[in-house]
Asks: 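What follows is a single structure, and I will ask about it in a moment.
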2 protein chains.
Amino acid sequence: MTSSRPPEEVHDRCSHCIGREHSICSAIEDCDLAILASESSKMTVPDGRSFIEEGSPAHDFFVVTGGRVKIFTLLPDGRRQITGFAEGGDFLGLAASKSYAFGAEALGTAVLCRFPHASMQRLTARFPNLEHRLRQEASRELSLLQARMTLLGRKTARERLATFLMERIRLLGAACQETPHQIELDLPMPRTDIADYLGLTIETVSRVLSAFKREGLISIRNITHITIMQFERISAIAEGLE
Amino acid sequence: MTSSRPPEEVHDRCSHCIGREHSICSAIEDCDLAILASESSKMTVPDGRSFIEEGSPAHDFFVVTGGRVKIFTLLPDGRRQITGFAEGGDFLGLAASKSYAFGAEALGTAVLCRFPHASMQRLTARFPNLEHRLRQEASRELSLLQARMTLLGRKTARERLATFLMERIRLLGAACQETPHQIELDLPMPRTDIADYLGLTIETVSRVLSAFKREGLISIRNITHITIMQFERISAIAEGLE
DNA sequence: CCCTCACCTTGACCTGGATCAAGTCTGGGG
DNA sequence: CCCCAGACTTGATCCAGGTCAAGGTGAGGG
């Protein structure tokens, strides 16, 4: 809360981190957190600011520790494909060899933990478990991308939106899984981003959401807050069963 | 060439393997090849036979050592998205946690090297370098998938086909890169597979290829063999510049 | 409290690629 | 050598989603 932080705070930074349990940092024991902290640095990125440029040399990995981030690729004429949204605990930077295969920018104010490649190398040398954790992370992401390719290549607009809603629900975690009726959802990204994520236009996103509302599948409280009214049917649409 | 092979052949299998230099097996020293061979087994898959079932428990990794393989996901109604083609030296099985996120079947007769997860675990424990190599492999694949998502979400049919041709050219390696005019290409997969790979229908694939031919960009010798006549223009179309 | 700007929704129309329906080509078997 | 089946091409038509063009809407600033 104070603006001038004592130096020991640096070494304690990781223990209070929101990413502590879910991120790759869980591969490191509490007693070694000071090492983790010394190899990384915290950075705050303002809304809309890009912090990874597609094609630029890949020097760092990132862990999102606060706020949200969007990952995307661009075509020369400006067409954009958002390949993912990242939030608390998510790891960034695996999709790169010498240079990043994607760009990234903050969606709202975002807080990141930056790990230079050299630091990560020191860490994986010291904690072999971490390397395995990174591979797991990559595998998880590869699995997700398989599904996303099927969405982009083969699903209709309705199916894409339904799948997107299911993804957001799954992201809430086991929180309110007990009541599959009436799930409150917020969509923190503008329609433009949803469209670029689903390979659609903003108008189509808007129309399909309106149609879902008309059919009583969801109710739209305001732009960012919607309520899932018929979980099962949306789930069925997402799988292409309706 | 003999049908009954002496037992020592097993331990020698890896040293003559086509995947030796390009696959993950390059992370292991020559002197340890016997260990590698003892942890893996060779298998031959006939044309069209499926050997990974999407959603089934993931027990093995595979290295393609001969022939080709297609990787895909299915929707319940049969719509299919081919997420990749694998050939000599390619690694399969990273896109899985408890179960495979994809199915796989042979495209022509394929030869595979199978590594049970338990074996891979023993190998990575013994050769820490291998774990790093697996992560690299995952990163490479993640980078490729970023580009493929842009293709599926944002490119036109012409751009998709042009990108596909560029991919096949790049796959020839530095072989005939000296003469970027008149590149011989073979497309070992049927049109159906190209369509499912690019998120199009077979008719559109056929029409676009015919259009390319009409425009003098390629010439079609027969179904599987085409010649690239104007590399630069195809490259430009692939990037969305034309 | 109202204005304004950025974002979203809705409507009218268009089009790229899908669908439906014939042909055509090719290679293997009789 | 011819026939046949499977794979590909081509043409005609259709339609989901894109494009173009008005309106809404609501949060922040004056």
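A, B, ... follow the sequence lines: proteins, then strands. Residue 1 opens every chain.
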Asks: How would you list, by chain and number, every residue that makes a salt bridge (charged side-chain N to carboxylate O under 4.0 Å, His left out) with E239(A), sequence neighbours excluded?
Replies: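 Once residues adjacent in sequence are excluded, E239(A) has no partner under the salt bridge (charged side-chain N to carboxylate O under 4.0 Å, His left out) criterion.
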Asks: Please find the pair of heavy atoms, one from T163(A) and one from A238(A), that lie closest to each other, and give the distance.
Replies: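 Smallest interatomic distance, heavy atoms only, reads OG1-O, 3.4 Å.
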Asks: Is there a residue in residues 212-219 of chain B whose heavy atoms reach under 4.0 Å of DNA chain C, and which residues are they?
Replies: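 Heavy-atom cutoff 4.0 Å gives no residues at all.
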Asks: Name all pairs fulfilling the salt bridge (Lys or Arg N to Asp or Glu O under 4.0 Å) condition that reach into residues 211-228 of chain A, sequence neighbours left out, sorted by first residue then second.
Replies: R158(A)-E215(A), E184(A)-R221(A)
Asks: If every non-hydrogen atom of L161(B) is compared with every non-hydrogen atom of L198(B), which pair is closest and at what distance?
Replies: CD2-CD1, 3.6 Å
Asks: Within the 4.5 Å heavy-atom criterion, are L107(B) and V69(B) side-chain neighbours or not?
Replies: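 No, their side chains stay 4.5 Å or more apart.
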Asks: If you look only at distance, which donor and acceptor atoms sit under 3.5 Å apart when one is on a side chain in residues 93-106 of chain A and the other is two or more places apart or in another chain?
Replies:
| residue | atom | partner | partner atom | Å |
| --- | --- | --- | --- | --- |
| Y100(A) | OH | D60(A) | N | 3.0 |
| Y100(A) | OH | D60(A) | O | 2.7 |

Asks: Hey, are the side chains of L187(A) and F164(A) touching, using non-hydrogen atoms and a 4.5 Å cut-off?
Replies: yes
Asks: Scan the side chains in residues 144-154 of chain B for donor-acceptor partners under 3.5 Å anywhere in the protein, sequence neighbours excluded, and list what turns up.
Replies:
| residue | atom | partner | partner atom | Å |
| --- | --- | --- | --- | --- |
| Q146(B) | NE2 | T83(A) | OG1 | 3.0 |
| R148(B) | NE | Y197(B) | OH | 3.0 |
| R148(B) | NH1 | T83(B) | O | 2.7 |
| R148(B) | NH2 | Y197(B) | OH | 3.1 |
| T150(B) | OG1 | T73(A) | OG1 | 2.2 |
| T150(B) | OG1 | Q146(B) | O | 3.2 |
| R154(B) | NE | R80(A) | O | 3.0 |
| R154(B) | NH1 | L200(A) | O | 3.3 |
| R154(B) | NH2 | A195(A) | O | 3.3 |
| R154(B) | NH2 | D196(A) | OD1 | 2.8 |
| R154(B) | NH2 | L200(A) | O | 2.7 |

Asks: In terms of the nearest nucleotide of DNA chain C, which residue is placed more toward the 5' end: R191(A) or N222(B)?
Replies: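 Residue closer to the 5' terminus by nearest nucleotide: R191(A).
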Asks: First contact, last contact: which nucleotides of DNA chain D are these for chain B, 5' to 3', heavy-atom distance under 4.0 Å?
Replies: dC8(D) to dA12(D)
Asks: Does a donor on one side chain sit under 3.5 Å from an acceptor on the other, for T65(A) and K42(A)?
Replies: no
Asks: May I ask you to decide if T224(A)'s main-chain N or O and N222(A)'s side chain share a donor-acceptor pair within less than 3.5 Å?
Replies: yes
Asks: Got a sec? Which of residues 68-87 of chain A come in under 4.0 Å of DNA chain C, heavy atoms?
Replies: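 Heavy-atom contacts with DNA chain C come from no residue of residues 68-87 of chain A; none.
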Asks: Does anyone know the first and last nucleotide of DNA chain C in reach of chain A, 5' to 3', at under 4.0 angstrom to a heavy atom?
Replies: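 Nucleotide range in contact with chain A: dC8(C) to dA12(C).
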Asks: For E159(A), check salt bridge (charged side-chain N to carboxylate O under 4.0 Å, His left out) against everything at least two apart and list the hits.
Replies: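 Applying salt bridge (charged side-chain N to carboxylate O under 4.0 Å, His left out) to E159(A) gives R79(B).
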Asks: Which residues in residues 200-209 of chain B have at least one heavy atom lying under 4.0 Å from any atom of DNA chain C?
Replies: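 Residues of residues 200-209 of chain B that come under 4.0 Å of DNA chain C are, in numerical order, L200(B), T201(B), E203(B), T204(B), R207(B).
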Asks: Mind checking ring-ring contact (aromatic ring centres under 6.0 Å, His included) for F91(B) and listing every partner two or more places apart, or none if nothing turns up?
Replies: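 So F91(B) forms a ring-ring contact (aromatic ring centres under 6.0 Å, His included) with F61(B).
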Asks: Ignoring hydrogens and angles, tell me if any N or O in the side chain of E54(A) forms a donor-acceptor pair with the backbone of L74(A) under 3.5 Å.
Replies: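 Here the side-chain-to-backbone pair exists.
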Asks: How would you list, by chain and number, every residue that makes a side-chain contact (heavy atoms from CB on, under 4.5 Å) with S40(A), sequence neighbours excluded?
Replies: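 Counting only residues at least two positions away or on another chain, S40(A) forms a side-chain contact (heavy atoms from CB on, under 4.5 Å) with R13(A), C113(A), F115(A).
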Asks: Given the rule in the side-chain contact (heavy atoms from CB on, under 4.5 Å) test, do I183(B) and L172(B) qualify, once you have shown the distances and angles that lead to the verdict?
Replies: CA-CA 10 Å; I183(B) 305 169; L172(B) 291 177; 3.7 Å; yes
Asks: Which residue lies toward the 5' end of DNA chain D, R158(A) or P190(B), if each is placed at its nearest nucleotide?
Replies: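 Upstream on the strand: P190(B).
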